[in-house]
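Comments concern the structure below.
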2 protein chains.
Amino acid sequence: MSRIKSIEPAIKADEPPRAGEKILRVARDLFYRQGIRAIGVDEIVRRAGVTKPSLYRSFPSKDELAASYLRRYDLEFWDRFDEAVAAHPGDPRAQIGAFLTRIGKRTQKPDYRGCGMTNAAVEYPEHGHPARVVSEANKRELRRRLRAMAAAMGAGDADTLGDGLLLLIEGAYISGQLFGAGGPAKSVARNADLLIEASLKK
Amino acid sequence: MSRIKSIEPAIKADEPPRAGEKILRVARDLFYRQGIRAIGVDEIVRRAGVTKPSLYRSFPSKDELAASYLRRYDLEFWDRFDEAVAAHPGDPRAQIGAFLTRIGKRTQKPDYRGCGMTNAAVEYPEHGHPARVVSEANKRELRRRLRAMAAAMGAGDADTLGDGLLLLIEGAYISGQLFGAGGPAKSVARNADLLIEASLKK
DNA sequence: AGGTATACGTACCGATCGGTAACATTGTCA
DNA sequence: TGACAATGTTACCGATCGGTACGTATACCT
């Protein structure tokens with residue numbers, strides 16, 4: 001098992017959002033921007049225009065709400081990833097390039113807050129925490145894909161190159177939120193390409 | 001201004017540690033391993049064997065205690081950095097190699113928790129937070145040094161190489177605590193050397 | 001011995017934390 | 001009409017949060 005599946009049922013587009021959905025949308029916004037530990041359930045229900053019992057009818061605990069937030073984040077993440085892949089069929093190097101170029105641009109926005117998965121893992125170092133479990137699964141899958149793409153490029157040591165790309169990506173997430181605009185993350189695509197070039201020459 | 005100076009007075013080695021010093025030592029351990037937000041002041045004073053008023057006599061607030069923890073962390077960090085530099089005088093490439101080899105090894109330890117500076121910045125995204133201010137200063141200085149070392153290596157685009165090295169380092173910190181032993185961080189020195197190689201050939 | 005400053009402890013504060021019990025209200029479908 | 005599911009309302013819980021008012025002990029200096 002690797003890819004995370006959504007637990008929530010599909011939402012009909014025309015129906016008004018149910019309480020659980022409203023909560024999840026607000027939680028996603030607040031958790032991502034300010035951190036999970038920094039946001040209390042009271043603020044979530046207040047901004048969602050619902051009440052606390054509604055939250056606990058849809059989610060067994062705040063930790064599980066955080067995990068649900070990350071499961072949705074996971075879906076959106078792979079949508080973006082697959083978009084970059086689909087833009088350059090059969091050309092993994094260009095796929096990586098497209099994905100990293102977009103990351104590099106996003107990191108230059110003023111309120112960039114990095115990767116929700118990465119941040120959650122930092123906030124919850126304890127093994128087995130519901131949020132951390134989702135985060136770890138996402139990162140394992142990302143590593144697997146990057147290594148596979150490195151192999152498809154014909155790299156001599158594909159695992160090392162895949163891991164190197166992952167290091168650059170995580171570095172971009174973090175330094176993006178640390179330095180803001182003008183930070184090191186803006187050169188992530190360029191550095192990745194240099195690393196790929198060096199790895200293919202072997 | 002760039003380098004952070006220690007505010008705390010020097011500690012006499014033979015005297016028994018004062019309350020403030022005991023608190024700072026315990027806080028350093030707990031904050032690093034479990035996160036700053038995850039640890040309350042009550043637990044700190046309990047494990048330090050002191051009382052809460054002692055904490056607030058030595059530190060104006062928990063946020064400032066966190067900042068003091070990071071100032072001490074900063075000193076230790078540059079000690080390790082300068083150690084790697086001193087081991088290879090006049091050879092910045094080997095200096096980077098030594099520093100990253102040590103990071104790569106540390107990330108493979110079972111309870112590795114990444115960089116206290118990086119983690120604090122993730123925990124406190126708000127601009128101006130005392131802990132974040134210290135963290136940002138540390139990272140700016142690291143960036144400055146890496147770029148200077150890249151220039152000393154004779155890289156064509158030294159700023160890009162320096163930033164690439166910073167991305168790899170931050171990636172190692174994060175993926176070290178995300179993947180544990182066997183994770184991508186173990187290849188950080190190898191990938192950095194490939195990147196350097198590619199950047200010098202230009 | 002007496003004063004004084006430093007260092008520390010006991011006990012407490014209001015606010016917020018995550019979470020729940022019990023009941024009222026609403027809209028939908030049969 | 002009547003049953004059911006979903007949500008809101010209100011009030012509450014014990015625990016923990018960061019922080020403080022105030023009294024006490026100890027050591028040093030004169």
Side-chain angles (χ1 to χ4, degrees), chain A residues 7-28 30-31 34-70 120 123-124 126 128-132, chain B residues 7-12 14-28 30-31 33-70 120 123-124 126 128-132:
Chain A
I7 285 184
E8 324 302 332
I11 312 282
K12 311 285 191 299
D14 48 348
E15 289 180 10
R18 302 224 175 279
E21 175 63 21
K22 289 196 277 187
I23 289 167
L24 196 49
R25 285 182 191 171
V26 169
R28 183 181 160 286
L30 295 179
F31 282 164
Q34 299 179 231
I36 300 171
R37 293 197 117 113
I39 297 295
V41 291
D42 291 275
E43 186 168 359
I44 294 175
V45 298
R46 191 173 53 78
R47 314 241 319 219
V50 301
T51 56
K52 213 162 10 164
S54 279
L55 192 157
Y56 285 97
R57 283 181 204 113
S58 299
F59 307 93
S61 66
K62 186 200 175 185
D63 287 346
E64 281 301 329
L65 171 60
S68 292
Y69 144 63
L70 290 179
E123 283 199 273
Y124 294 100
E126 188 193 359
H129 187 286
R132 189 183 181 88
Chain B
I7 286 184
E8 324 303 330
I11 312 283
K12 311 285 191 298
D14 48 347
E15 289 180 10
R18 302 225 176 279
E21 175 62 20
K22 289 197 275 187
I23 289 167
L24 195 50
R25 285 182 192 171
V26 170
R28 184 182 161 285
L30 295 180
F31 282 165
R33 277 168 37 205
Q34 301 181 226
I36 299 170
R37 292 198 116 111
I39 297 295
V41 291
D42 291 275
E43 186 167 359
I44 293 176
V45 298
R46 191 173 53 79
R47 314 235 332 211
V50 300
T51 57
K52 221 171 349 174
S54 281
L55 192 157
Y56 286 97
R57 276 180 216 113
S58 299
F59 308 93
S61 67
K62 186 200 175 185
D63 288 344
E64 281 301 329
L65 171 60
S68 292
Y69 144 64
L70 290 179
E123 285 200 271
Y124 294 100
E126 189 192 358
H129 188 286
R132 189 183 180 87

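Order of the sequence lines fixes the chain letters, A, B, ..., with proteins taken first and strands second; residue numbering starts at 1 for each chain.
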Legend entry - Set of salt bridge (charged side-chain N to carboxylate O under 4.0 Å, His left out) partners for B/Arg57, sequence neighbours left out: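 Checked B/Arg57 against salt bridge (charged side-chain N to carboxylate O under 4.0 Å, His left out); zero matches.
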
Legend entry - Test salt bridge (charged side-chain N to carboxylate O under 4.0 Å, His left out) applied to B/Asp42 - qualifying residues, sequence neighbours left out: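 Scan of B/Asp42 (salt bridge (charged side-chain N to carboxylate O under 4.0 Å, His left out), adjacent residues dropped) gives B/Lys52.
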
Legend entry - Gap between atom OG1 of B/Thr51 and atom CD1 of B/Ile23 - 0.5 Å precision: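 The distance works out to 7.5 Å.
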
Inset, instruction - First locate atom CD1 of A/Ile39, then atom CZ of A/Arg47, and finally report the distance between them rounded to the nearest 0.5 Å. - result: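 Atom-to-atom, A/Ile39:CD1 and A/Arg47:CZ are 7.0 Å apart.
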
Legend entry - B/Ile39 vs A/Gly20, nearer the 5' end of DNA chain D by closest nucleotide: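 That would be A/Gly20.
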
I'd like to check the side chain to side chain contact (heavy atoms under 4.5 Å, CB included) partners of [X]; sequence neighbours left out, ordered by chain and number.
X        : value
B/Arg46  : B/Glu43
B/Pro60  : B/Glu64
A/Ala131 : A/Ala66, A/Leu70, A/Tyr124, A/His129

Inset, instruction - Using the heavy-atom set of chain A and a strict 4.0 Å cut-off, write down the first and last nucleotide of DNA chain D that makes it in, 5' to 3'. - result: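 Here the contact window of chain A covers D/dT7 to D/dT10.
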
Check the interface with nucleotides 21-28 of chain C: list each N/O to N/O pair with the protein under 3.5 Å, or write none.
none

Inset, instruction - List in chain and number order the residues that pass side-chain hydrogen bond (donor to acceptor under 3.5 Å, both in side chains) with A/Arg37, two or more places apart in sequence or in another chain; answer none if no residue qualifies. - result: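 Checked A/Arg37 against side-chain hydrogen bond (donor to acceptor under 3.5 Å, both in side chains); zero matches.
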
What is the distance, to the nearest angstrom, from the [atom1] atom on [X] to the [atom2] atom on [N]?
X       : N     : atom1 : atom2 : answer
B/Leu55 : C/dC8 : CG    : P     : 12 Å
B/Ile23 : C/dC8 : CD1   : C1'   : 11 Å
B/Asp42 : C/dG9 : CG    : C1'   : 15 Å

Inset, instruction - Look at the side-chain N and O atoms of B/Ser54 and state whether any lies under 4.0 Å from the OP1 or OP2 oxygen of C/dG9. - result: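 For C/dG9, OP1 or OP2 has a side-chain N or O of B/Ser54 closer than 4.0 Å.
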
Legend entry - N/O (side chain, A/Tyr56) to phosphate O (OP1/OP2, C/dT20) under 4.0 Å: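 Result: no.
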
Legend entry - Of residues 45-52 of chain B, the positions that come close to DNA chain D - non-hydrogen atoms, cut-off under 4.0 Å: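 B/Lys52 - these, ordered by number, are the residues of the stretch whose heavy atoms sit under 4.0 Å from the strand.
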
Legend entry - Chi angles and distances behind the side-chain contact (heavy atoms from CB on, under 4.5 Å) call for B/Lys62, B/Ile36: CA-CA 9 Å; B/Lys62 186 200 175 185; B/Ile36 299 170; 4.2 Å; yes

Inset, instruction - For residues A/Leu55 and A/Val50, determine if any side-chain heavy atom of one lies less than 4.5 Å from a side-chain heavy atom of the other. - result: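 Not in contact.
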
Legend entry - Flag side-chain contact, heavy atom, 4.5 Å: A/Val45 against A/Ser54: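 No, every pair of side-chain atoms sits at 4.5 Å or beyond.
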
